[in-house]
Amino acid sequence: MHTHKNMNNEEVVKLFRAISGAYEIEDESVFRIRAYENAADSIEHANREVKDLWEEGRLGDLPGVGPNIAGHIDELFRKGKVDHFQTVLARLPEAMFELIGIPGIGPKTAYKLVKKLGISKAHGAIRRIKEAARLGRIQKIEGFGKESESEILKGIEEYQRRENRMLLPQATQIAEELQTYMEREKAVEKIDTLGSLRRRTSTVGDVDVAVATKDPSKVISHFTRFPHAKDILASGENTARLVHRSGRQIDVKTEKPDRYGALLQHFTGSKSHNIHLREIALEQNLSLSEHGIRKKGKIAAFASEAEFYKALGMQWIPPELREDQGEIEAALEAKLPELIKKEEIRGDLHLHTDYPWRSAHDTGANTMREMVEKAMELGYEYVGIGDHNPSLTEYNRKEIIIEIKKRSEEIDKLKYSIEITHENRTIHILNTLEIDIRTDGSLAIPDEGLVMLDYAVASVHSSMRIPKAKMTERILKGLSHPKVKILGHPTGRLLNQREGYEADWDKIFSFAKENGKFIEINAWPTRLDLPDTLVRQAIRMGVQLVIDTDAHAIEHMDLMRYGVDVARRGWAEARHILNTRPYSELEKILLTKTQV
DNA sequence: GCCGTTTTCGGCCCGACTGTTTTCAGTCG
């Protein structure tokens, strides 16, 4: 397996899975095998690059990475390879490591296949397995049969066409359509999403749902007639699986209402949350499963999750927190946070309109008035009317100031007319812009333009791959202007497309805290940026955040809920989020009459 | 190989499903 000094998390995960697999073939201690598997899982779920953590001397932050594995990682990034790993891997055919990761193929199967078929080279290994399967050579190998041969073929096909994970809103929409449909069947007493969708992670693999029912067969048969199903993959007594027209799989699991709580808890996960929970249960001689809690051979059933957690002596834990990041300890001490709810949001402070100037970036689809009316429909108390700054190549400095003046007058007119047309309701309209932080840290608008705004959002939109220290300085400089209150989409990540830029978040968060700047949680589906783990870090450091939609059309303003999901995953309470404040408070915080 | 206010030694999550090797190993979540 090729290794190098700049391996990203995905590559490191693959390496560790290979080592774990190699140990499995060699009948190493199951605990050592598991240790590498755990380390791989931990890195896979880390929201930071292992290489960055290594540079900062913080590999120990990764659960499951102890002194030994940390030493190997150190050697990897110093030399580009790990001598010990090379020795271990060299004892086995490299082709087998290409196969690990194909659904249904683990280390043992992979090893047997390449041995028996005489495949040694990694290159083309999957293709050769496929050929062998087509020629019926696999079913002749001892331990395999016709079924397993076609399963392998199916597994490879799935592996090769595996796409990116779904974005949260897509998964949510599929699930909500299904839920509406399922609720039409009277036998369905309760229905909930499961897994990462229920935990509201930013991307989701499959849509899984649980149904509480006394009549599973009715539920299953109703499920298999879902109009948006393209194909039914499996249909058993209590579970079924179909392919949604989007190509995504949907699983349903049924359970009797009086036992539903344990099922819901079990399949919501996360895996690490459940493992930790079982370890704690074990100390009380309890054994947990999807069926309930077993004590001395007797299983107790639970209708609700709340009862399930209560039986373990803890508070019910909101699904968003179930990542084994301290939520279990907090629940045991009844110290879980009071997570923010979307109903607590009182305004949207970062959105775009179709205001007709030659903008540095994309403009919105709706007028200022339409955006404001939508905000009123949503029951907001205030709204920040923003746009990207005027393009620096299209206007000179003087023209930019004139343009901002014209636009400010436009907003004043709007304020006046809205007050007249909606006399019963007041909404506070704020004049803002999203301003580029240029590569040298300067803002794309001169001071004379900035003073006309109520506040500004500053964001990075260019030169995203500059060194970490430079990026940090750049962001700090951009944020330091008194009118700049919000750092927009802080990491610049685009889900399934690009990693965020490298920056020293500790430094930026400290600066934000000391200078009263707000870090944005951008609710745009491909952004969801700040990422949840950084939200948690920011909150621990006492930084204030703001949830914005960055809407470019009125319908985007409905995406606020996904930003709230991210905030909740980061343990945010309403008091941590600027736009839960009433206008009277917001005004004092945001609209300081600072001299520029 | 990791980990720890009951332990720095001695533990380490649980069950379902599947196919094939009739009693269980391998994989998965």
Side-chain angles (χ1 to χ4, degrees), chain A residues 16-17 19-25 27-42 44-45 59-60 62-73 84-85 88 99-113 138-152 154-155 158-159 194-199 205-206 208 210 233-234 236-241 249 251 253 255 262-263 265-294 299 312 322 324 328-329 332-333:
Chain A
F16 280 18
R17 296 242 158 91
I19 298 297
S20 165
Y23 280 151
E24 192 150 356
I25 302 302
D27 267 333
E28 257 289 353
S29 136
V30 291
F31 299 111
R32 179 173 289 157
I33 294 167
R34 194 180 299 165
Y36 277 94
E37 196 54 44
N38 287 341
D41 286 348
S42 167
E44 188 168 45
H45 294 118
L59 286 176
L62 291 165
V65 173
N68 200 302
I69 291 182
H72 290 321
I73 295 176
H84 174 62
F85 288 176
V88 172
L99 306 186
I100 298 177
I102 294 172
I105 300 185
K108 301 257 166 117
T109 308
Y111 178 72
K112 210 164 169 185
L113 282 173
I138 289 178
Q139 53 176 292
K140 299 207 177 70
I141 303 171
E142 193 189 349
F144 292 87
K146 270 196 168 136
E147 293 281 349
S148 50
E149 184 176 73
S150 75
E151 282 304 309
I152 286 168
K154 264 166 79 178
E158 187 189 325
Y159 181 71
L194 296 168
S196 55
L197 176 55
R198 182 155 183 254
R199 299 198 310 279
D206 294 317
D208 297 332
L233 294 182
E237 245 176 84
N238 294 300
T239 66
R241 168 175 294 173
Q249 282 187 17
D251 281 19
K253 299 174 198 299
E255 182 56 282
L263 178 89
Q265 194 288 324
H266 179 84
F267 288 105
T268 295
S270 67
K271 190 177 169 188
S272 49
H273 173 86
N274 283 357
I275 287 173
H276 190 172
L277 215 54
R278 285 188 206 118
E279 282 165 358
I280 287 181
L282 218 55
E283 289 163 12
Q284 307 168 36
N285 284 319
L286 305 173
S287 171
L288 309 183
S289 76
E290 62 263 50
H291 306 301
I293 301 179
R294 180 186 292 149
I299 289 193
L312 296 172
R322 299 183 196 172
D324 193 23
I328 292 172
E329 289 75 8
L332 283 166
E333 293 172 25

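Note that the coordinates shown come from a computational prediction; the quantities given were computed from them, not determined experimentally. Heavy-atom basis, side chains included; hydrogens, waters and symmetry copies ignored. Just so it is clear: chains get the letters A, B, ... in the order the sequence lines come, proteins before strands, and each one is counted from 1.
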Open item on the list: Using a 4.0 Å heavy-atom cut-off to protein, can you give one letter per nucleotide of nucleotides 14-20 of chain B, 5' to 3': B if the base is in contact, S if only the sugar-phosphate is, - if neither?
Closed with: SSS--SS
Task: Verify stack between Phe31(A) ring and dC12(B) base, 5.5 Å, 30 degrees - done: yes
Open item on the list: Tell me whether the side-chain N/O atoms of Lys271(A) come closer than 4.0 Å to OP1 or OP2 in dG29(B).
Closed with: no
Expressed in whole Å, how much space separates the [atom1] atoms belonging to [N] and [M]?
N       : M       : atom1 : answer
dT7(B)  : dC2(B)  : C1'   : 14 Å
dT27(B) : dT20(B) : P     : 14 Å
dT5(B)  : dG1(B)  : C1'   : 24 Å
dT21(B) : dA25(B) : P     : 14 Å

Open item on the list: Set out, in order, the CA-CA distance, both residues' side-chain angles and the distance that settles side chain to side chain contact (heavy atoms under 4.5 Å, CB included) for Phe16(A) and Ile69(A), then state yes or no.
Closed with: CA-CA 10 Å; Phe16(A) 280 18; Ile69(A) 291 182; 3.5 Å; yes
Open item on the list: Using the side-chain contact (heavy atoms from CB on, under 4.5 Å) definition, which of the options Leu288(A), Leu194(A), Asn274(A), Leu277(A) pairs with His266(A)?
Closed with: Asn274(A)
Task: Partner set under side-chain hydrogen bond (donor to acceptor under 3.5 Å, both in side chains) for Gln139(A), not counting sequence neighbours - done: Glu149(A)
Task: Between P of dG1(B) and CD of Glu28(A), the distance in whole Å - done: 7 Å
For nucleotides 22-24 of chain B, print each protein N/O atom paired with a nucleotide N/O atom at under 3.5 Å, atom names and distance only.
none

Open item on the list: Judged by each residue's nearest nucleotide on DNA chain B, which is more toward the 5′ side, Lys112(A) or Pro63(A)?
Closed with: Pro63(A)
TODO: Could you tell me which nucleotide pairs with dC24(B) by Watson-Crick or G-U wobble geometry, both distances under 3.5 Å, or answer none if nothing does?
DONE: dG19(B)
Would you tabulate the pairs of protein nitrogen or oxygen atoms and nucleotide nitrogen or oxygen atoms of nucleotides 5-8 of chain B closer than 3.5 angstrom?
none

Task: Asp206(A): side-chain contact (heavy atoms from CB on, under 4.5 Å) partners, not counting sequence neighbours - done: Asp208(A), Gln249(A)
Open item on the list: Going by the rule side-chain contact (heavy atoms from CB on, under 4.5 Å), which residues pair with Lys108(A) if we only count those two or more places apart in sequence or in a different chain?
Closed with: Glu24(A)
TODO: Could you work out which one of dC2(B), dT27(B), dG1(B) sits closest to the side chain of Thr109(A)?
DONE: dT27(B)
TODO: Check every strand shown and say whether Ile105(A) touches a base, only sugar-phosphate, or nothing at a heavy-atom separation below 4.0 Å.
DONE: sugar-phosphate
